[in-house]
Amino acid sequence: DTAVSQTPKYLVTQMGNDKSIKCEQNLGHDTMYWYKQDSKKFLKIMFSYNNKELIINETVPNRFSPKSPDKAHLNLHINSLELGDSAVYFCASSQGLSQGYEQYFGPGTRLTVT
Amino acid sequence: QKEVEQDPGPLSVPEGAIVSLNCTYSNSAFQYFMWYRQYSRKGPELLMYTYSSGNKEDGRFTAQVDKSSKYISLFIRDSQPSDSATYLCAMSDLAVDKIIFGKGTRLHILP
């Protein structure tokens with residue numbers, strides 16, 4: 001029973017397309033995050049949500065739009081995809097904002113933009 | 001200067017050896033210090049966290065924080081091939097709303 005799941009696992013698409021990645025957690029956590037891990041394995045936070053409210057938007061281009069329909073879900077929509085968007089995107093969750101040191105990560109979505 | 005510096009490796013050691021992984025940081029506001037382990041093509045998983053300075057032990061793993069030197073370490077005793085992974089140090093201030101990760105050290109334990 002997966003704690004944090006993401007779909008799809010792999011995404012290959014062309015420049016200019018729009019795509020979405022979905023994330024669900026069944027841990028009952030209040031806080032969810034999106035991270036980007038580039039080709040050099042550097043993991044950087046993009047967004048965090050607490051109880052469906054946006055907390056952090058880490059200077060991400062506005063082509064990226066997160067949406068949290070409920071506490072258990074945090075989706076990421078990307079418009080007008082660019083080559084530089086190729087990376088692995090991880091969703092994570094924590095019990096609450098104050099427990100942000102203990103985050104549970106999903107398996108990642110490997111996005112390739114051609 | 002980057003907020004968190006970590007040698008990317010790779011680091012190769014024989015099975016049974018003691019492994020030492022380290023990170024330095026520049027932000028004196030950091031209070032939480034974490035070590036995450038990431039296997040190839042998987043998401044990171046939390047190994048240990050420490051609040052403020054001191055040591056913490058969990059089985060074969062020991063985390064140390066020296067805030068005066070802005071230096072943290074993870075020691076793995078009796079290393080096993082299953083410990084082969086990338087180890088990411090991570091830190092945050094008291095608010096814990098944003099974790100800053102190091103670039104990770106790739107570790108290979110040779111059987």
Side-chain angles (χ1 to χ4, degrees), chain A residues 2-7 9-10 21 23-25 27 29-51 53-60 87-112, chain B residues 2-11 21 23 25 27 29-52 54 56 58 63 65 72 74 84-108:
Chain A
T2 309
V4 182
S5 58
Q6 295 178 228
T7 51
K9 201 165 181 184
Y10 298 95
I21 307 172
C23 177
E24 177 181 1
Q25 53 95 3
L27 297 165
H29 287 172
D30 286 344
T31 310
M32 296 184 74
Y33 311 82
W34 276 112
Y35 286 87
K36 179 181 180 181
Q37 189 170 47
D38 60 25
S39 55
K40 294 182 180 171
K41 305 294 185 187
F42 187 45
L43 192 62
K44 196 165 188 302
I45 190 165
M46 300 172 69
F47 302 101
S48 71
Y49 270 74
N50 188 61
N51 280 321
E53 183 186 337
L54 178 66
I55 303 297
I56 284 179
N57 178 342
E58 194 62 14
T59 58
V60 177
V88 182
Y89 291 84
F90 287 101
C91 176
S93 72
S94 66
Q95 193 171 344
L97 271 179
S98 57
Q99 288 85 27
Y101 50 81
E102 185 171 0
Q103 295 186 17
Y104 293 78
F105 283 79
T109 295
R110 189 171 294 269
L111 172 64
T112 303
Chain B
K2 288 202 167 83
E3 274 196 293
V4 179
E5 300 267 15
Q6 185 176 10
D7 186 335
L11 178 63
L21 304 168
C23 288
Y25 64 94
N27 189 343
F30 287 150
Q31 295 284 352
Y32 284 94
F33 303 91
M34 291 74 76
W35 286 96
Y36 280 79
R37 178 175 62 195
Q38 185 175 19
Y39 289 114
S40 181
R41 301 209 166 230
K42 302 281 186 192
E45 56 177 337
L46 179 68
L47 269 178
M48 303 175 70
Y49 78 90
T50 310
Y51 174 71
S52 194
K56 191 171 187 178
D58 184 0
V65 174
I72 72 168
L74 178 72
S84 298
T86 296
Y87 290 79
L88 302 136
C89 64
M91 307 174 191
S92 72
D93 59 23
L94 263 180
V96 216
D97 54 355
K98 186 170 81 170
I99 291 181
I100 308 297
F101 282 86
K103 286 197 170 186
T105 300
R106 284 175 55 206
L107 174 66
H108 298 289

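Reminder, nothing fancy here: chain letters follow the sequence lines and each chain counts from 1. Only heavy atoms go into these numbers, but all of them, side chains included; no hydrogens, no water, no symmetry mates.
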Toward chain A, the part of [X] with a non-hydrogen atom under 4.5 Å:
X      : answer
B:R106 : neither
B:Q38  : side chain
B:A90  : neither
B:Y51  : neither

| Sub-4.5 Å side-chain heavy-atom contact between A:K41 and B:T86 |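 Of all side-chain heavy-atom pairs linking B:T86 with A:K41, none is under 4.5 Å.
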| Heavy atoms, side chains only, cut-off 4.5 Å: are A:Y35 and B:P44 in contact? |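 A side-chain contact under 4.5 Å is absent here.
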| task | Counting only heavy atoms closer than 4.5 Å, note whether A:Q103 contacts chain B via side chain, backbone, both or neither. | result |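 Both backbone and side chain.
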| field | Closest-packed option against chain B by number of heavy-atom pairs under 4.5 Å, given A:L43, A:T31, A:V4, A:N50 | value |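 Looking at each of A:L43, A:T31, A:V4, A:N50 in turn, A:L43 comes out on top.
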| said: Nearest 0.5 angstrom please: B:L46 CG to A:F105 CZ, how far? | reply: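 Here the interatomic distance stands at 9.5 Å.
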| Got more than 12 heavy atoms from elsewhere within 6.0 Å of NZ, B:K56? |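 Yes, enclosed.
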| Residues two or more places apart in sequence or in another chain: which of them pass side chain to side chain contact (heavy atoms under 4.5 Å, CB included) with B:K98? |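 Per chain and number, B:K98 pairs via side chain to side chain contact (heavy atoms under 4.5 Å, CB included) with A:I45, A:I56, A:E58, B:I100.
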| So which bits of residues 91-100 of chain A come within less than 4.5 Å of chain B, counting non-hydrogen atoms only? |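 Those residues of residues 91-100 of chain A which have a heavy atom under 4.5 Å from chain B are A:L97, A:S98, A:G100.
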| Considering all heavy atoms, the nearest B:Y36-A:Y101 contact |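 Taking every non-hydrogen atom into account, OH-O, 3.0 Å.
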| Heavy-atom closest contact (B:K103 atom, A:F42 atom, distance) |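 Minimum heavy-atom contact is CG-CD1, 3.7 Å.
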